[in-house]
Protein chains: 2
Amino acid sequence: MSLSAAELAGVRALTFDVFGTVVDWRSSVIREGQALGAARGLNVDWPAFADAWRGGYAPAMNRVRHGELPWTRLDELHRMTLDRLLDEFSIHSLSEADKQHLNCVWHRLTPWDDSVEGLHRLRQGFVLATLSNGNVSLLVNMAKHAGLPWDCILSAELAGHYKRDPEVYQMAARLLDLRPEQIMLVAAHQDDLQAAHHEGYRTAFVMRPLEHGPDAEPDLSIDPVFDYVAHDFHDLADQLMRV
Amino acid sequence: MSLSAAELAGVRALTFDVFGTVVDWRSSVIREGQALGAARGLNVDWPAFADAWRGGYAPAMNRVRHGELPWTRLDELHRMTLDRLLDEFSIHSLSEADKQHLNCVWHRLTPWDDSVEGLHRLRQGFVLATLSNGNVSLLVNMAKHAGLPWDCILSAELAGHYKRDPEVYQMAARLLDLRPEQIMLVAAHQDDLQAAHHEGYRTAFVMRPLEHGPDAEPDLSIDPVFDYVAHDFHDLADQLMRV
């Protein structure tokens, strides 16, 4: 599974899935929802709201992927889902400013405990780039808010395609001016890694068993094509860094 | 000239021209050329070589701008000029690996003395992004090499147009999801600032009298449309930062 020393030495850049892999979207959305609910006197099941919001993510992207919508950045897809959910959860009292602020919760997600320190370690040996479906401004704001030390913000927005479309992985290789085997995707999601592997990337699966909350039963199955499997970014740094 | 407190408070991102504004391309190219010349026994006027290489920059970009060449990233334009100059300067003994390494000197340019510390100060108050004709990989490698603390790498490559085409400034506003007046261009070159101003950007002229060497007479004229004029990045931080 893991690469030979020569193969690993050829890896120049680590690209990262962000939602779920680097940041804990669920706890962040719940926490901000609860604070907003308390301030506005709302009675909402925020864990269910967070799950439903995230649940709208893949279908919304698929509408872009299948040509039902023109290219639409993730902020706007999030807002379309938010507007639907506010109705479904009978939340009718939020101002437009409240809605805009809530929609930008995805710019303010909290990293997993190991993320920032792990990225600082990994940055000593590799170019670190996002490779996320989040739009560029979302990723820039998140990095600023959370202290994520990226060398480069790469986004599906730059390809005009959402992962797992191959164009996203090809865009990153082109912009980093690297061959696919010089790039590793780090992600908590099997299908993202499989799509990257298909484009010739190296792959590291980082398990995030709490992504969907303490009661979920996440898929932690390991595809033999994965080059590395790690419990967190410290573990990944231990495996990838020779110092 | 300088903005009102309310106008300045609206500025969210500082975008930077890089070659000449952040890094001292001329000294860097001369120094690496001299080292290569000593190692390979070449007798070359490296200051003249550096000036000729940089002199090929605008004409090469204009070939792209006028449709004579398809979109071509700056690394490749630099290489086309380099191959011509090696001939003109009668340098015939370099290996292909030497040429590739020399061409990447533009990835290893040294910042002006104030750049890194000034950027760290400015980063406390603003999103900092490159807005350069250098390709993405060049800018990523340069930042890594020189310790430039960018929040985001933006490049002409992402627009498929070179500055001063308006598409470059428009691309940055779109990707940062900001209105033009929320963005300031920081540059040492009047025409770059004038083009940004035309697109609605705020502007800061940073004087770099040594860009073209100690014997050049640089154009340091101040267009009244510039919002700020600064001697270096410390001076700019003094003017822009309230803390």
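Every chain is numbered from 1 and lettered A, B, ... according to where its sequence line falls, protein lines coming before strand lines.
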*Asks:* Under a 4.5 Å cutoff for heavy-atom pairs, which residue among R73(B), R174(B), E157(B) has the most contacts with chain A?
*Replies:*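 Winner by heavy-atom pair count: R73(B).
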*Asks:* What is the distance from atom NZ of K144(A) to atom CZ of R12(B), rounded to the nearest 0.5 Å?
*Replies:*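 The CZ atom of R12(B) is 10.0 Å from NZ of K144(A), to the nearest 0.5 Å.
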*Asks:* Answer yes or no: does atom CG of D113(B) have more than 12 heavy-atom neighbours from other residues, nucleotides or ligands under 6.0 Å?
*Replies:*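 Atom CG in D113(B) is not packed in, count stays at 12 or less.
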*Asks:* Just wondering, are more than 12 heavy atoms of other shown residues or ligands nearer than 6.0 Å to NE2 in H120(B)?
*Replies:*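 Yes, because the 6.0 Å sphere around NE2 of H120(B) holds more than 12 heavy atoms from other groups.
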*Asks:* Nearest 0.5 Å, what's the CG-CD1 distance between L176(A) and I153(B)?
*Replies:*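 Atom-to-atom, L176(A):CG and I153(B):CD1 are 10.5 Å apart.
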*Asks:* Is it the case that atom CD in E117(B) sees more than 12 heavy atoms from other parts of the structure closer than 6.0 Å?
*Replies:*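 Count not over threshold, so no.
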*Asks:* Can you tell me if CG on D83(A) sees more than 12 non-hydrogen neighbours from other groups inside 6.0 Å?
*Replies:*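 Counting neighbours around CG of D83(A), more than 12 heavy atoms of other residues, nucleotides or ligands fall under 6.0 Å, so yes.
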*Asks:* Quick check on H234(B): does its NE2 atom have over 12 non-hydrogen neighbours (other residues, nucleotides or ligands) under 6.0 Å away?
*Replies:*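 Yes, the 6.0 Å shell around NE2 holds more than 12 heavy atoms from other groups.
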*Asks:* Where on L175(B) is there a heavy atom nearer than 4.5 Å to chain A: the side chain, the backbone, both, or neither?
*Replies:*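 For L175(B), heavy atoms of backbone and side chain both lie under 4.5 Å from chain A.
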*Asks:* Heavy-atom cut-off 4.5 Å, strictly under: side chain, backbone, both or neither for D177(B) against chain A?
*Replies:*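 Both backbone and side chain of D177(B) come within 4.5 Å of chain A.
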*Asks:* Could you check which of L154(B), L178(B), N135(B), V136(B) has the highest count of heavy-atom pairs closer than 4.5 Å to chain A?
*Replies:*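 If we count pairs closer than 4.5 Å to chain A, V136(B) comes out on top.
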